[in-house]
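Down below is the structure, laid out as structure tokens.
Worth knowing before you read on, the calculation uses all heavy atoms, side chains too, and leaves out hydrogens, waters and symmetry mates. Just so it is clear, the structure is predicted and the values come from calculations on it, not from any experiment. Residue numbers begin at 1 in each chain, while the letters A, B, ... track the order of the sequences.
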2 protein chains.
Amino acid sequence: MTVENLPALSPSETEILRLVWQLDKATVQEVCEKLPAERKITYATVQTLLRRLEKKGYLKHTVNGKAHVFSAAVEREHVVKRSVGDFLDRLFGGDPIPLMQYLAEHGTISADDIENLKRLTSKQ
Amino acid sequence: MTVENLPALSPSETEILRLVWQLDKATVQEVCEKLPAERKITYATVQTLLRRLEKKGYLKHTVNGKAHVFSAAVEREHVVKRSVGDFLDRLFGGDPIPLMQYLAEHGTISADDIENLKRLTSKQ
DNA sequence: TGGCATCTTGTACAAGTGTACGATATTATG
DNA sequence: CATAATATCGTACACTTGTACAAGATGCCA
């Protein structure tokens with residue numbers, strides 16, 4: 001399943017999906033624990049979001065005891081690609097340069113980081 | 001009015017807002033014309049989105065003849081800052097480096113561009 | 001085996017979103 | 001001034017999203 005055909009991710013769903021990626025496999029509880037403390041959201045809500053992510057095709061689950069263990073059903077790279085692409089289109093008309101510039105100016109990005117990036121791009 | 005207090009932008013609203021920025025001032029028609037051809041959306045829909053953007057506080061309008069002329073009510077910089085910040089949080093847990101990397105690897109970004117960015121950051 | 005703790009499932013519901021029709025107002029034009 | 005063209009405004013409506021409760025299922029421990 002390519003990401004292209006899947007329904008779009010809502011902001012909250014994206015957040016949850018990221019945590020599942022980070023944990024590789026995760027139960028509802030584990031995702032809850034990984035949430036930043038200031039993000040007050042109940043177990044039940046996380047559960048619903050995981051369910052929706054599965055229904056949309058982004059996650060699958062296996063059963064372990066009574067708990068569901070969720071994991072990615074599509075490659076993270078693909079999701080990132082589409083998400084960044086969409087974001088870029090909407091906010092910058094598709095041009096990545098202004099975003100790079102913004103990050104370079106306002107992000108906590110050092111000259112070293114950029115040096116590394118430069119190496120990355122020139123290496124192919 | 002700082003952007004902080006304003007209701008969040010939906011994807012479609014963001015797209016329309018970007019066009020208004022691009023045009024500086026724009027009527028419904030002008031925004032429609034600026035839309036990419038493959039984006040099939042009616043005049044009425046654009047109108048609604050512009051109205052909602054105004055209601056949310058992102059746009060204001062003056063009247064010229066029978067047409068409304070919309071323009072930004074908040075600084076683009078601020079909106080970009082918040083949008084990028086939110087996006088970064090959701091998809092990358094707030095860390096800009098992976099996004100930079102992604103753009104460097106997959107975007108159409110030349111080594112020259114990066115060189116410029118480097119100059120940008122090291123200059124402060 | 002009985003119950004506590006923990007899970008999932010079903011369901012809910014208000015608000016937001018994407019999309020747009022129909023009615024009404026306004027302006028330019030013949 | 002009548003009318004066509006063009007605007008806006010009110011409204012609609014199905015779908016999504018964010019958030020969550022309540023009820024039923026399941027596994028664990030005494």
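Listed by residue number, the members of residues 17-50 of chain A with any heavy atom below 4.0 angstrom from DNA chain C are V28(A), Q29(A), Y43(A), Q47(A).
Atom pair L6(B):CG and dG16(C):C1' shows a separation of 16 Å (rounding to whole Å applied). Distance R52(B) CZ to dA15(C) P: 15 Å, rounded to the nearest Å. Nucleotide dG16(C) holds its C1' atom 9 Å from the CD atom of E13(B), rounded to whole Å. Atom CG in L9(B) sits roughly 13 Å away from atom P in dG16(C) (whole-Å rounding).
The backbone N or O of T14(B) sits nowhere less than 3.5 Å from a side-chain atom of R90(A) that would complete a donor-acceptor pair. Within the 3.5 Å criterion, the main-chain N or O of P98(A) finds no donor-acceptor partner in the side chain of Q101(A).
For R51(B) and dT17(C), a side-chain-to-base donor-acceptor distance below 3.5 Å is absent, hydrogens and geometry of angles not being considered.
Think of the region where chain A sits on DNA chain D: with heavy atoms and a 4.0 Å cut, that region ends 5' and 3' at dT17(D) to dG27(D).
One distance of note links CG of L23(B) with CH2 of W21(B); it measures 13.0 Å at 0.5 Å rounding. Here the CG-OH distance, from L50(B) to Y58(B), works out to 14.5 Å after rounding to the nearest 0.5 Å.
By the 6.0 Å contact criterion, NZ on K56(B) is enclosed, its count of non-hydrogen atoms from other residues, nucleotides or ligands being greater than 12.
Note on S12(B): a side-chain N or O is less than 4.0 Å away from OP1 or OP2 of dG18(C).
Between the side chains of T42(B) and T45(B), a donor-acceptor pair is found at a separation under 3.5 Å.
When each of V63(B) and H61(A) is assigned the nucleotide of DNA chain C bearing its nearest heavy atom, the one mapping closer to the 5' terminus is H61(A). The 5' end of DNA chain D is approached more closely, in terms of each residue's nearest nucleotide, by A67(B) than by the other of A67(B) and K66(A).
Between E30(B) and K25(B) the shortest side-chain heavy-atom distance does not fall below 4.5 Å.
Ion pair E15(A)/R39(A) flagged as a salt bridge, since at least one NZ, NE, NH1 or NH2 atom sits closer than 4.0 Å to an Asp/Glu carboxylate oxygen.
Looking at heavy-atom distances under 4.0 Å, P7(B) makes no contact with the nucleic acid at all.
Under the rule for a ring pair (Phe, Tyr, Trp, His ring centres under 6.0 Å), F92(A) has no partner lying at least two apart in sequence or in another chain.
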